[in-house]
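Here's the structure, in structure tokens; my notes come after.
All chains are named by letter (A, B, ...) in the order of the sequence lines, taking the proteins before the strands, and each is independently numbered beginning at 1.
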Protein chains: 2
Amino acid sequence: MSSQPVEVAAPVSRVQRKRGRRVQEILATAAELFGERGYDAVSLDDVAERLDVTKGSLYYYFPGKDELAVAAIETLGADWTGRLERLAATVEGSPHERLRALLREHVAIAVGEYPAALRLFLVPSTWPADPRERIKELRRRHDQVFRGVLEEGLASGDFAVTGVDTTLQCMHAAMAQAPLWCGGLESEARERALDELADTLMKLVAAAAQ
Amino acid sequence: MSSQPVEVAAPVSRVQRKRGRRVQEILATAAELFGERGYDAVSLDDVAERLDVTKGSLYYYFPGKDELAVAAIETLGADWTGRLERLAATVEGSPHERLRALLREHVAIAVGEYPAALRLFLVPSTWPADPRERIKELRRRHDQVFRGVLEEGLASGDFAVTGVDTTLQCMHAAMAQAPLWCGGLESEARERALDELADTLMKLVAAAAQ
DNA sequence: CAGTCTATTGACTACTGGGTCAAAGTTTGT
DNA sequence: ACAAACTTTGACCCAGTAGTCAATAGACTG
């Protein structure tokens, strides 16, 4: 039928791609806002206003606030964790060096690119049941990256920890608050603060040689 | 006039004491609820219902939700921090032992007695400006207890830390999440988890001898 | 250009939650 | 017992917000 045999089997039409882009715009804005203020404090009118549309449009793409929130968390969390997973798979060196690189990248992402997204991973208790479960799942996958390197270092004798879970929890807790501490700092001071944080957290795995 | 000269100068009447007790009841309940669900998710009807009264009664004692929240935070925070300050002033031993005792007591209070009050000290960002400032102040005083012991150990050479502030922040962040981890555990497993947490956190001050 | 699918609007409903208040109920002191 | 002070109530107001929907504007296609 068409004069262009190429891209014949394209599963999505142009209009579908356009819709996809719109959905992404909405999700990015929603993640931003939910991250800034938390679930309760963000109304759909707020989201719509930042997108220069009205609330009704959001309901054209999502069945409700919960679903929008879940999708926003999903997108952001998947991107974040994916980058850490890729780093863990490529970075070379001792377990000590690898863990430090992960810590550094994690706080750098949190502070630099998703400064507002923090709250998505912190204390999800005010969120409705459904988003809360998704957040927990994303956190588990997130933790998994660090658990991998940690257990590697344990097996090789580079690390000595009292308990794997506890150590991971302490790391995660400290990292999750990093953006709050570094928020107001200038670039150089911020870099120093992030290095210091990574150094401090490295102590949690003790036996590692500096 | 009275046949009992004792207690003549009592500054408060019986009715005032009664009012004081009522206020304490309200504050305790409010702190409980705010701790469980956070500021936004708690309505004054919720608070009133748990007290078996109606919303109007709360407005007889407090001018508004903000003021109630601030007072509740104040009471709980002062009690908590006061106990840590007293412990810090009395416990004997090396800086290492003193710090560990404080860490242990802190998580024990958080997990055992104020299991719900956690959120008051965590991510105060969804709170209105006024309560938020009070929370920050209380956290500073809270930190001060640990800062004292930490600097003591630094001066005596028992501790070696990269940065005092960063170390305190990591400790605080990890401790703040402790109740979330230990929430579902039975008493013995919980004790073990708390010990493990304290041990792990002690690593942050490194040079300390085990 | 006409017709159809897509996207957006803005007015509407229903409900929740903070805050007010006059009236009723309860304590207290004399 | 009585009056005054204290406490509680429940109905009410109002703003904000999740969610609905018919009407409309815009884009794509024959």
Which of these passes salt bridge (charged side-chain N to carboxylate O under 4.0 Å, His left out) with R98(A): E151(A), E92(A), E152(A)? E152(A)
All heavy atoms of L138(B) vs all of I73(B), minimum pair found to be CD1-CG2, 3.2 Å
Looking at E25(A) and R22(A), does any basic side-chain N land under 4.0 Å from a carboxylate oxygen? yes
Is any NZ, NE, NH1 or NH2 atom of the basic residue among R100(B) and D195(B) found under 4.0 Å from an Asp or Glu carboxylate oxygen of the other? yes
Determine the sole option in V149(A), L201(A), L204(A) for which the side-chain contact (heavy atoms from CB on, under 4.5 Å) test with L99(A) is passed. V149(A)
Donor-acceptor check, side chain of T166(B) to backbone of G163(B), threshold 3.5 angstrom: yes or no? no
State whether the side chain of R132(B) and the backbone N or O of W127(B) hold a donor-acceptor pair below 3.5 Å, judged by distance alone. yes
Could you pull out every donor-acceptor pair under 3.5 Å between side chains of residues 52-68 of chain B and any protein atom, sequence neighbours left out?
residue: K65(B); atom: NZ; partner: Y39(B); partner atom: O; Å: 3.1
residue: K65(B); atom: NZ; partner: V42(B); partner atom: O; Å: 2.8
residue: D66(B); atom: OD1; partner: Y39(B); partner atom: OH; Å: 2.4
residue: E67(B); atom: OE1; partner: G64(B); partner atom: N; Å: 3.4

Heavy-atom pair of closest approach, residues C170(B) and T200(A): SG-CG2, 4.1 Å
Does L87(B) offer a backbone N or O that forms a donor-acceptor pair with the side chain of T90(B) under 3.5 Å? yes
Nucleotide-resolved protein contact map, nucleotides 22-30 of chain C, B/S/- at heavy-atom distance under 4.0 Å: -----S-S-
With five pairs defining each end axis, the helix from dC1(C)-dG30(D) to dT30(C)-dA1(D) comes out bent, to 10°, by 0°
For dC6(D), take OP1 and OP2 only and decide whether either is under 4.0 Å from a side-chain N or O of R22(B). no
From CZ of R21(B) over to C1' of dC6(D), roughly how many Å is that when rounded to an integer? 14 Å
Would you call E137(B)-R134(B) a salt bridge at under 4.0 Å N-O? yes
Looking only at non-hydrogen atoms, find the nearest pair between A72(B) and A30(B) and report the distance. CB-CB, 4.0 Å
Please produce a list of atom pairs where a protein N or O lies less than 3.5 Å from an N or O of nucleotides 12-14 of chain C.
none

Near DNA chain C, which residues from residues 57-71 of chain A have a heavy atom under 4.0 Å away? S57(A), Y60(A), Y61(A)
So if I apply the side-chain contact (heavy atoms from CB on, under 4.5 Å) rule between V111(A) and each of M175(A), H106(A), R190(A), which one comes out positive? R190(A)
Tell me the interatomic distance from R19(A), atom CZ, to dC5(C), atom C1', rounded to whole angstroms. 12 Å
Between dA27(D) atom P and R17(A) atom CZ, what is the distance in whole Å? 17 Å
Check R37(B) with E32(B), please: is the shortest side-chain N to carboxylate O separation under 4.0 Å? no
Strand contacts (DNA chain C) in residues 42-53 of chain A, 4.0 angstrom heavy-atom criterion: V53(A)
Would a distance-only check, ignoring hydrogens and angles, find a side-chain to backbone donor-acceptor pair under 3.5 Å from D79(B) to L76(B)? no
